[in-house]
Amino acid sequence: MLRYFLRNAILVVALNFTVKGIYLLVVERSVQNLLPEGEYGLYFSLFNLSLLFQLLADLGLQQYNNRQLSQHRQLLTKYFPYFLGLKLLLFGSFLLALLLGGSLLRYDQGTMGLLAIVGLNLGLNSLLLFLRTNLSGLGFYRLDSWVSVVDKLLMLLFIGGLILFAPDYLTVRRFALAQTLAWLLACLLLLRLLWPRLPQLRPRWRFSISWSLLRQAAPYALVVLLMTAYTRIDAVMIERLLPDGQLQADHYAAAYRLLDAANMGGFLLAGLLLPMFARLLGQGEAVGPLLGLAVPLALVAAACISIPLMLLAKPTAQALYHFADARTGLILAWLIPSFIAVCGNYVYGSLCTAAGELKRMNQIFAVGALLNLVGNLLVLSNYGAVGCAAITTLTQSSITIALVVLAHRRLDLSGHQLSWWRLSVFLVLYTASAWALEQWLPLTWWLKLIVLGGWGLILAFGLRLLSLRQLSALFSKE
């Protein structure tokens, strides 16, 4: 399992950093630079508002299906048609609720049209993620890794071509419609891949079965709702509550794009870990070895990305965005350290989900959502988007610490699998030494990013958080 995890983790991270990294940092960044200032900020706010409602398009079915299939793979053919039927019904309720929410927020007619397109996109994305859980739940991790980049490959083709050959034709609405087409084609591809493993792909409805699935998925739905609330509500609050909300949301979106780009590997790592943890627990095997490999890999990688970006936030933002100013750099500097906590959250959240600790996870996430909401209300008027970025990092760090404590207490995990003192020493030494190197090195900002990231890896191997012998042994095993 360790060898399988490592090989697939490297594949999924490499694929997504290559394809999605180019999409986010080249194509989508260019879209924001080409659009009038504030227009992308409005889109970003609508996108985050839609994410708050997206729970209604899934109600926990994705996470529940992933866990159940990992432990009982024979259930796919029996329940897939009912899952598919439920997803179609839930999509309608999601879109209706989203448009009602938009009208209550008093968006104008043009904005409501854009909101409808964004809602359609997230409905298709929800279906795509659900279909992918069937691949990973059946153990097709490598195939799922390749499928995970299809939508962004299509967006590179559609929007990248538009930027290169007809940039004046680009509008925020056409950008959103290109996403619609990309997600639709990706869903059709996934249905084709699942076809040989299913007796039928037609959706079915039976009240007793549908109600049973919804009831069992309900705890997962609450997890998703609370996680979305404390990660996505800040953009909506910035755009709606500040006098210059669209402009500040534009700067927040610019910084958040780098967090999203870094976050790709962590999100997909969680999708890889959840079925693996679930399978180990279902078979009564120890999760300690997999956890002991996943945590250092995730946190070291996150630190090697976050800390250099934090120290070089201002020149990075100014190089990427023509509208960037000191505020953009400050938002990024406060926001990007949250990625370290997010990666810890992904690993331990996947473990706790696989172990069925949903009630206690929901309690943690509820406190986190409240902390985020109150914190944003306290800082928004005085510090704007910069304050929201700081609250995000505080919230994510608090939640991750709580999940670590929960997992080790409830699953009785022995401490020797993880060298927490080495992780702490690494973070302190790396931050201090990276700051000194950034001040001392006479290099351009992008060379400094590379050098500081490489220095973090050297330090991690020096402190034996990562072991070349262990990694090479895992790759050499058959």
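- Atom CD of Gln32 is separated from atom CZ of Arg257 by 4.5 Å, given to the nearest 0.5 angstrom.
- No side-chain heavy atom of Met276 sits less than 4.5 Å from a side-chain heavy atom of Val287.
- Summarising the geometry of Cys388 relative to Val379, their closest heavy-atom pair is N-CG2, 3.9 Å, with the distance given to 0.1 Å.
- Proximity of the aromatic rings of His251 and Tyr321 is defined here by a centroid distance below 6.0 angstrom, and this criterion is not met.
- Using a distance-only test at 3.5 Å, with no hydrogens or angles considered, no donor-acceptor pair links the side chain of Ser381 to the main chain of Leu377.
- For Ile331 against Ala385, the heavy-atom pair with the smallest separation is CD1-CB, 3.6 Å.
- Using modelled atom types, one side-chain atom of Ser338 and one backbone atom of Leu335 make a donor-acceptor pair closer than 3.5 Å.
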Verdict with supporting geometry, Leu46 and Tyr107, side-chain contact (heavy atoms from CB on, under 4.5 Å): CA-CA 10 Å; Leu46 296 178; Tyr107 288 124; 3.6 Å; yes
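- A donor-acceptor pair under 3.5 Å links the side-chain atoms of Tyr430 to the main chain of Leu452, judged by distance alone.
- Summarising the geometry, atom CD belonging to Gln179 is positioned 8.5 Å from atom CG belonging to Leu122; distances are rounded to the nearest 0.5 Å.
- The two residues Phe339 and Ala302 make their nearest non-hydrogen contact at CE2-CA, 3.5 Å.
- Judged by distance alone, the side chain of Ser50 and the main-chain N or O of Val118 form no donor-acceptor pair under 3.5 Å.
- Using modelled atom types, one finds a donor on one side chain and an acceptor on the other under 3.5 Å when comparing Ser433 with Trp455.
- In this structure a side-chain-to-backbone donor-acceptor pair under 3.5 Å is present from Asp325 to Thr328.
- Using bins of under 30°, 30° to 60° and over 60° for the plane-to-plane angle, the ring pair Tyr256/Tyr252 lands in the tilted bin.
- Among all heavy-atom pairs drawn from Ala303 and Pro308, the shortest one is O-CD, 3.6 Å.
- Nearest heavy atom pair, residue Leu35 against residue Leu170, reads CD2-O, 4.3 Å.
- At most 12 non-hydrogen atoms from other residues, nucleotides or ligands lie less than 6.0 angstrom from OH of Tyr383.
- Closest approach of Leu124 and Leu184 over heavy atoms only: CD1-N, 4.0 Å.
- Counting only distance, with no hydrogens or angles, the side chain of Thr400 and the backbone of Ala341 share a donor-acceptor pair below 3.5 Å.
- Side-chain contact annotation: Tyr346 with Asn263, donor-acceptor N/O pair under 3.5 Å present.
- Separating the CZ atom in Phe53 from the CG atom in Leu115 is a distance of 8.5 Å, to the nearest 0.5 Å.
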Chi angles and distances behind the ring-ring contact (aromatic ring centres under 6.0 Å, His included) call for Phe44, Phe47: CA-CA 5 Å; Phe44 184 67; Phe47 181 81; 7.3 Å; no
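- Separating the CG atom in Leu189 from the CG atom in Asp151 is a distance of 10.5 Å, to the nearest 0.5 Å.
- Within 6.0 Å of CZ on Arg422 lie more than 12 heavy atoms contributed by other residues, nucleotides or ligands.
- Not a single donor-acceptor pair under 3.5 Å links the side chain of Lys314 to the backbone N or O of Gly329.
- Interatomic distance, CG of Leu49 versus CG of Leu98, reported as 6.0 Å (0.5 Å rounding).
- Under the 3.5 Å distance criterion, the side-chain polar atoms of Arg174 are matched with a main-chain donor or acceptor of Tyr169.
- Around the CH2 atom of Trp183, the shell of radius 6.0 Å holds more than 12 heavy atoms that belong to other residues, nucleotides or ligands.
- Looking at Glu28 and Tyr40, their side chains come closer than 4.5 Å, going by heavy atoms from C-beta outward.
- Atom CD of Gln246 is separated from atom CZ of Arg240 by 7.5 Å, given to the nearest 0.5 angstrom.
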From CA spacing to verdict: side-chain contact (heavy atoms from CB on, under 4.5 Å), Val295, Leu423: CA-CA 10 Å; Val295 171; Leu423 279 168; 4.1 Å; yes
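- No donor-acceptor distance shorter than 3.5 angstrom exists from the side chain of Asn372 to the backbone of Leu394, with no hydrogens or angles considered.
- The backbone N or O of Ile336 lies less than 3.5 Å from a partner atom in the side chain of Ser306, making a donor-acceptor pair.
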